[in-house]
Colleague: 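Pasting a structure here, questions to come.
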Amino acid sequence: QVHLVESGGGVVQAGDSLRLSCTASGGTFISYVMGWFRQAPGKERELVAAISWNGASTYYTDSMKGRFTISRDNAKSTVYLQMNSLNPEDTAVYYCAGRRGSIRPLSEYEYDYWGQGTQVTVSS
């Protein structure tokens, strides 16, 4: 059983940056595609970014392109999400998730393992 633990959330002001981390245990991290999702109050969960097992391929939802960067360190079994130029619309619970295979399809239902989430709140 793969266990994912996110960290790095918090309360920041508009324009600030945050880096989220997600560390995996109990599985073969290097074999997993990793994704970051988020869910804002009253909204459906959405994909933020995904990264292939070796980091060679990444995907970003359009509204995050240029502001967010996903990366991974397989030696540390950790995936990161660097978030810059945050705005109040980025306020959400951020989840990391893992799956085997490739980045696509992008659906959250393709992911097998989920963390508990970390809250990010951006004040104006």
Side-chain angles (χ1 to χ4, degrees):
Q1 182 71 18
V2 177
H3 187 53
L4 302 175
V5 178
E6 301 98 335
S7 62
V11 180
V12 297
Q13 293 190 337
D16 286 350
S17 298
L18 272 179
R19 187 177 81 156
L20 305 182
S21 301
C22 171
T23 300
S25 60
T28 309
F29 182 78
I30 196 170
S31 66
Y32 301 135
V33 168
M34 298 300 297
W36 283 99
F37 291 78
R38 70 183 187 184
Q39 187 166 23
K43 295 186 178 180
E44 294 186 352
R45 188 159 55 187
E46 63 173 340
L47 176 65
V48 173
I51 188 167
S52 61
W53 70 272
N54 61 357
S57 296
T58 57
Y59 172 86
Y60 296 92
T61 296
D62 285 346
S63 60
M64 286 62 148
K65 286 181 180 178
R67 297 191 301 126
F68 292 6
T69 303
I70 189 171
S71 61
R72 65 190 295 161
D73 185 338
N74 288 338
K76 296 181 178 179
S77 297
T78 300
V79 61
Y80 304 98
L81 184 68
Q82 177 68 43
M83 305 186 294
N84 299 327
S85 301
L86 287 163
N87 59 65
E89 289 68 41
D90 295 315
T91 295
V93 177
Y94 284 72
Y95 300 89
C96 74
R99 57 181 281 195
R100 296 186 184 274
S102 60
I103 285 181
R104 297 180 183 271
L106 301 173
S107 170
E108 63 178 288
Y109 300 106
E110 299 291 333
Y111 286 79
D112 300 309
Y113 310 108
W114 291 85
Q116 81 289 349
T118 186
Q119 176 71 48
V120 172
T121 302
V122 184
S123 61
S124 58

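For this chain, numbers begin at 1 and follow the sequence in order. Predicted model, so just to flag it, every value in this text is computed and none were measured. Computed from heavy atoms alone, side chains included, the values below leave out hydrogens, waters and symmetry copies.
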Colleague: In Å and rounded to the nearest 0.5 Å, what is the CD1 to OG1 distance from Ile51 to Thr58?
Modeller: 6.5 Å

Colleague: Please find the pair of heavy atoms, one from Ser17 and one from Ser85, that lie closest to each other, and give the distance.
Modeller: OG-N, 4.2 Å

Colleague: Can you say whether the rings of Phe37 and Tyr111 are parallel (under 30°), tilted (30 to 60°) or perpendicular (over 60°)?
Modeller: perpendicular

Colleague: I want to check something: taking the side chain as every heavy atom from C-beta on, are Val48 and Phe68 in contact at a cut-off of under 4.5 Å?
Modeller: yes

Colleague: For residues Arg19 and Tyr80, is any side-chain donor paired with an opposing acceptor at under 3.5 Å?
Modeller: no

Colleague: Under 4.5 Å between any side-chain heavy atoms of Ile70 and Gln82, yes or no?
Modeller: no

Colleague: Heavy-atom count around Gln13 CD within 6.0 Å, excluding the residue itself: above 12?
Modeller: no

Colleague: Just so I know, are the side chains of Leu4 and Trp114 near enough to count as touching, which here means a heavy-atom distance under 4.5 Å?
Modeller: no

Colleague: Considering all heavy atoms of both residues, which atom of Tyr60 and which atom of Thr69 are nearest to each other, and what is their separation?
Modeller: OH-CA, 3.3 Å

Colleague: Which heavy atom of Glu108 sits nearest a heavy atom of Arg45, and at what distance?
Modeller: OE1-NH2, 2.9 Å

Colleague: Would you compute the distance between atom CG of Asp90 and atom OG1 of Thr121 and round it to the nearest 0.5 angstrom?
Modeller: 11.0 Å

Colleague: Donor-acceptor pair, Ser107 side chain versus Tyr109 backbone, under 3.5 Å?
Modeller: yes

Colleague: Looking at Gln116, is its backbone amide N or carbonyl O close enough to the side chain of Glu6 to form a donor-acceptor pair, meaning the two atoms are under 3.5 Å apart?
Modeller: yes

Colleague: If you take all heavy atoms of Leu81 and Ala49, which pair is closest and at what distance?
Modeller: CD1-CB, 4.4 Å

Colleague: Quick one: pull up CG in Asp73 and OG in Ser21 and give me the separation to the nearest 0.5 Å.
Modeller: 10.5 Å

Colleague: List the atom of Arg67, the atom of Leu86, and the distance in Å for their closest heavy-atom pair.
Modeller: NH1-CA, 4.0 Å

Colleague: Where do Arg104 and Tyr59 land on the side-chain contact (heavy atoms from CB on, under 4.5 Å) test, with the steps shown first?
Modeller: CA-CA 9 Å; Arg104 297 180 183 271; Tyr59 172 86; 3.6 Å; yes

Colleague: Can the positive tip of Arg72 be found less than 6.0 Å from the middle of the six-membered ring of Trp53, inside 45° of the ring normal?
Modeller: no

Colleague: Between Thr78 and Thr23, do the side chains contain a donor N or O and an acceptor N or O under 3.5 Å apart?
Modeller: yes

Colleague: Donor-acceptor pair, Thr61 side chain versus Ser63 backbone, under 3.5 Å?
Modeller: no

Colleague: Flag this pair as yes if the NZ/CZ of Arg99 is under 6.0 angstrom from the six-membered ring centre of Tyr32 and inside a 45 degree cone about the axis; otherwise no.
Modeller: no

Colleague: Taking all non-hydrogen atoms of both residues, which atom of Ala56 and which atom of Ser52 are closest, and how far apart?
Modeller: N-OG, 3.3 Å

Colleague: Could you state the interatomic distance from CZ (Arg38) to CE (Met64), rounded to the nearest 0.5 Å?
Modeller: 3.5 Å

Colleague: Looking at Thr91, Leu20, Val11, which one forms a side-chain contact (heavy atoms from CB on, under 4.5 Å) with Val120?
Modeller: Leu20

Colleague: When you measure from the side chain of Thr118 to the backbone of Tyr94, do you find a donor-acceptor pair of N or O atoms at a distance under 3.5 Å?
Modeller: no

Colleague: Say you draw a straight line from OG of Ser124 to CD of Glu89; how long is it, rounded to the nearest 0.5 Å?
Modeller: 9.0 Å

Colleague: Would you say the side chain of Arg100 lies within less than 4.5 Å of the side chain of Ser31, judging by non-hydrogen atoms?
Modeller: yes

Colleague: Applying the 4.5 Å side-chain criterion to the ILVMFWY set and letting contacts propagate, would Tyr113 and Trp36 be lumped into a single cluster?
Modeller: yes

Colleague: Side-chain heavy atoms nearer than 4.5 Å, only ILVMFWY residues, links allowed to pass through others: does that put Val33 and Val2 together?
Modeller: no

Colleague: Could you state the interatomic distance from CE (Met34) to SG (Cys22), rounded to the nearest 0.5 Å?
Modeller: 4.5 Å

